[in-house]
Structures are given as structure tokens and as C-alpha cells.
> 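I'd like to ask you about the structure that follows.
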Amino acid sequence: MKSITELEELRKKALEKMGVRANTDGYRIVVGMATCGIAAGARPVMNSFMEELQKREIKNASVTMTGCVGVCRLEPIVEVIDPSGNKTTYVKMTSEKAVRIVAEHIVNGRVCLDYTIGYEDKK
Amino acid sequence: MRDISLHLLDIIQNSIAASGTSIAIAITSCLKSQELKISISDNGIGMDEEMLKRVTDPFITTRDTRKVGLGISLFKASAEQSGGYLEISSKKGLGTTLEAVFMIDNIDRPPLGDVADTVASVLVSNETLHLTLVLSHNDEKFVFDTEEVKKMLNGVPINEYEVLNWIKGYINEGINVTFGGVLNEINN
Ligand code: FES
């Protein structure tokens, strides 16, 4: 049986890690979680971002969620805001796309153009 | 929505959008009556009677960013399709309570889905939220309370990756223990 006292261990580990944590001004990853986003699969997409950031030990990025983004037909939608405030809107997101966005956009600063709203709309 | 846990996520988002800071979720199953009951209560801004009457209408929402508010009406439709129902009570300034009943033995009932993942997803970006989850089946009962977790964490944010992972595991275990005998059934 899991017990709540296990959190004591996690707490210690987290505190050690937080000491070495870089400044939090970094990338912001915002996942649209309105009705249509959820129905289209936003929850696993958010999970994939969390997992990938954790796996690669990326400290300068945070994941949050927001309500309606306004383009149901393109959900799940994820916005990535870079440290200087530039916003990229990724559409029809999947877990696979999330993995690539972390590798290319968050780690290397290269926008994945073919997943963006502009690219999708030109199709 | 593919399963009940996704409806749950959607309804919790409504509560948060309505300025709810405290959300109580209860999932109760009863073999005798074949009912699976999901209730969600918040302390958000609530709705007046007018709004309440119309809230299950898919063409009305309190948010103006979109024209159609589908969450509650989808949840209602889903409950009704499985022979159950949905009830809402709300008081302006006090909050809203939603209760959906699904019939376990109805073939149109969606599976329960990943409730632990729904809770963890909500906590990712709502670390100050007070959320409780109570699961019960016959004499079995399981309680998860973010305040208890926060007390243990003593300053470490609840949305640290490892903490969220632990929460998922903890809730999943609670689900297995509580619903053990009916789990296969309600997850189908
Ligand atoms: S409800 Fe679909 S984008 Fe807002």
C-alpha cells in the first residue's frame, strides 16, 4: 500500500533538485484544455510534454493549461512562448509532435514550422 | 468524450473558470442499484436560477470567448444515454454542485477512464487549488486531499513532476482497492 508518508522522501529529493534549478524565465508551454481540446486529446499531449521535459531534465520550461483557444477544428492546440515572448501556435497536437517540439523548439530554439497554425491554414 | 474522466476534467475546468478554489469530487458505485455516481462541488461564483435553467442547453455559456458551451450538456447527454441523469444545483456566490448518475450495466455507459490522470492534469497548473477526491463502494472508502499532501510537502510545490507521479499512483491504488470487484465492469 502506498502511504502519504512516502512524500517525505519525495520532498527531500525535490528540495535538493530545486537548489540547482535554473532561473524559471524560460519557455512556457500552454495547452488548451477547453471542452473541444479535451475531447480531441489534450490531456495526453500535456502528459507527453511533462514527461519529455522530465526525461531530458529541462529546467527552463513550464507547462500550464488554459481554457478555450478559439479554433476548435484545430484542437488540441499548444502555444509555446519563448523567453523573449514570441508565441508559436501548434495545432492538431499529438504526443509524437510534443516530443519533437521539445527536442527542436525548446532545446534548440527551432520552431517546428510544419506543425504551426500558419502552415496548417495554407494546406 | 471517450470516457467519464475526460468529462470530469472538463467540468473541473468550468469550476476553475468560475473562480472555484475548492473542488470536491466524489465517485460512488453501488452494485445493488447498479449506479455509478459522480459528483463535483465547487465554491465558485455559482449561477442564478435563470442561468441554471439554461446551463444544460448547448448554446449557452457564461464565457464569451466561445459561443457554445458544451461541457455540461455533453456530460448530461452521456449520463442519460446510459439510463442515468444529471442534476445541478447552484447558488450565486456560493458555488455549484453537479451530480451525474450512470447505470453500470448499461452498454452505452462510457468507461470510467483515467481519473488519476485527470486529477494530476488539473494540479499541473492549479497548485493552489484545494481538491478532494472521495471514492466509495460498499464499505470501502478512499480519500485523497491536496491539503494533506501539501502539509507533507511543506513548501515543495504539489506540481513537481515526481509529486504528480506519486499522486497518480496513489489515486490509482485507491481506485483498485475501492472498486476492486467492479473495476473491470466500470472501466469497460
Ligand atoms: S471551445 Fe473549442 S477552441 Fe474554444
Side-chain angles (χ1 to χ4, degrees), chain A residues 1-19 21 24 28-59 61-73 75-78, chain B residues 1-2 5-14 16-17 58 61 63-75 113-114 117-118 120-122 124-127 144-145 148-174 177:
Chain A
M1 263 315 252
K2 267 186 150 29
S3 143
I4 192 141
T5 52
E6 291 168 25
L7 286 169
E8 187 55 38
E9 252 330 280
L10 288 184
R11 176 173 176 269
K12 276 190 213 131
K13 267 192 230 151
L15 283 176
E16 277 161 29
K17 259 193 7 203
M18 278 159 88
R21 174 174 267 183
T24 41
R28 283 197 297 135
I29 300 167
V30 184
V31 183
M33 283 274 189
T35 304
C36 57
I38 296 170
R43 194 179 69 184
V45 166
M46 186 168 84
N47 268 331
S48 301
F49 274 112
M50 301 274 296
E51 262 164 42
E52 208 49 31
L53 293 179
Q54 172 75 10
K55 235 193 270 166
R56 292 170 164 268
E57 296 182 27
I58 295 170
K59 302 280 181 255
S62 64
V63 182
T64 52
M65 58 189 178
T66 182
C68 171
V69 193
V71 215
C72 297
R73 74 194 159 89
E75 295 276 358
I77 295 179
V78 172
Chain B
M1 297 280 171
R2 218 170 314 119
S5 77
L6 292 177
H7 282 293
L8 194 57
L9 177 57
D10 192 23
I11 302 296
I12 295 172
Q13 301 285 55
N14 284 349
I16 292 170
T61 172
R63 280 164 285 165
D64 41 20
T65 37
R66 70 182 146 115
K67 292 290 165 281
V68 268
L70 280 175
I72 296 177
S73 33
L74 282 178
F75 198 26
D114 196 340
D117 198 26
T118 282
S121 304
V122 170
V124 167
S125 56
N126 299 285
E127 40 175 320
F144 167 80
D145 185 340
E148 249 176 73
V149 172
K150 283 176 196 163
K151 229 183 270 161
M152 287 300 295
L153 289 174
N154 192 8
V156 167
I158 196 165
N159 56 2
E160 277 286 313
Y161 185 84
E162 275 95 1
V163 175
L164 290 175
N165 245 348
W166 180 88
I167 289 174
K168 276 193 213 176
Y170 186 64
I171 292 177
N172 272 327
E173 202 173 83
V177 171

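Every chain is numbered from 1 and lettered A, B, ... according to where its sequence line falls, protein lines coming before strand lines.
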> Can you check whether B/S5 reaches A/R43 side chain to side chain, under 4.5 Å on heavy atoms?
yes

> If you tally heavy-atom pairs under 4.5 Å against chain A, which of B/N165, B/V163, B/T118, B/I167 wins?
B/T118

> Could you look at A/L10 and say if it's the side chain, the backbone, both or neither that has a heavy atom under 4.5 Å from chain B?
side chain

> Answer with side chain, backbone, both or neither: which region of B/I11 has an atom nearer than 4.5 Å to a non-hydrogen atom of chain A?
neither

> Non-hydrogen atoms of chain A under 4.5 Å away: do they reach the side chain of B/E162, the backbone, both or neither?
both

> Could you work out, with side chain to side chain donor-acceptor pair (under 3.5 Å) as the rule, every residue matching B/S121, not counting sequence neighbours?
none

> Checking an interface table here. Which of residues 48-57 of chain A come within a heavy-atom distance under 4.5 Å of chain B?
A/M50, A/E51, A/Q54

> Could you report the tightest heavy-atom contact between B/K168 and A/N47, atom names first, then the distance?
NZ-OD1, 3.3 Å

> Which atom names give the shortest non-hydrogen contact between A/A14 and B/V156, and what distance separates them?
CB-CG1, 3.6 Å

> Considering all heavy atoms of both residues, which atom of A/T5 and which atom of B/M152 are nearest to each other, and what is their separation?
CA-CE, 3.6 Å

> Of all of B/V177, B/L164, B/D114, which one pairs up most often with chain A through heavy atoms under 4.5 Å apart?
B/D114

> Which atom pair, heavy atoms only, marks the closest approach of A/L7 to B/W166?
CD2-CE3, 3.6 Å

> Can you name the ring pair (Phe, Tyr, Trp, His ring centres under 6.0 Å) partners of B/Y161, sequence neighbours left out?
none

> Could you look at B/V149 and say if it's the side chain, the backbone, both or neither that has a heavy atom under 4.5 Å from chain A?
both

> With sequence neighbours excluded, tell me which residues meet side-chain contact (heavy atoms from CB on, under 4.5 Å) with A/A39.
B/M1

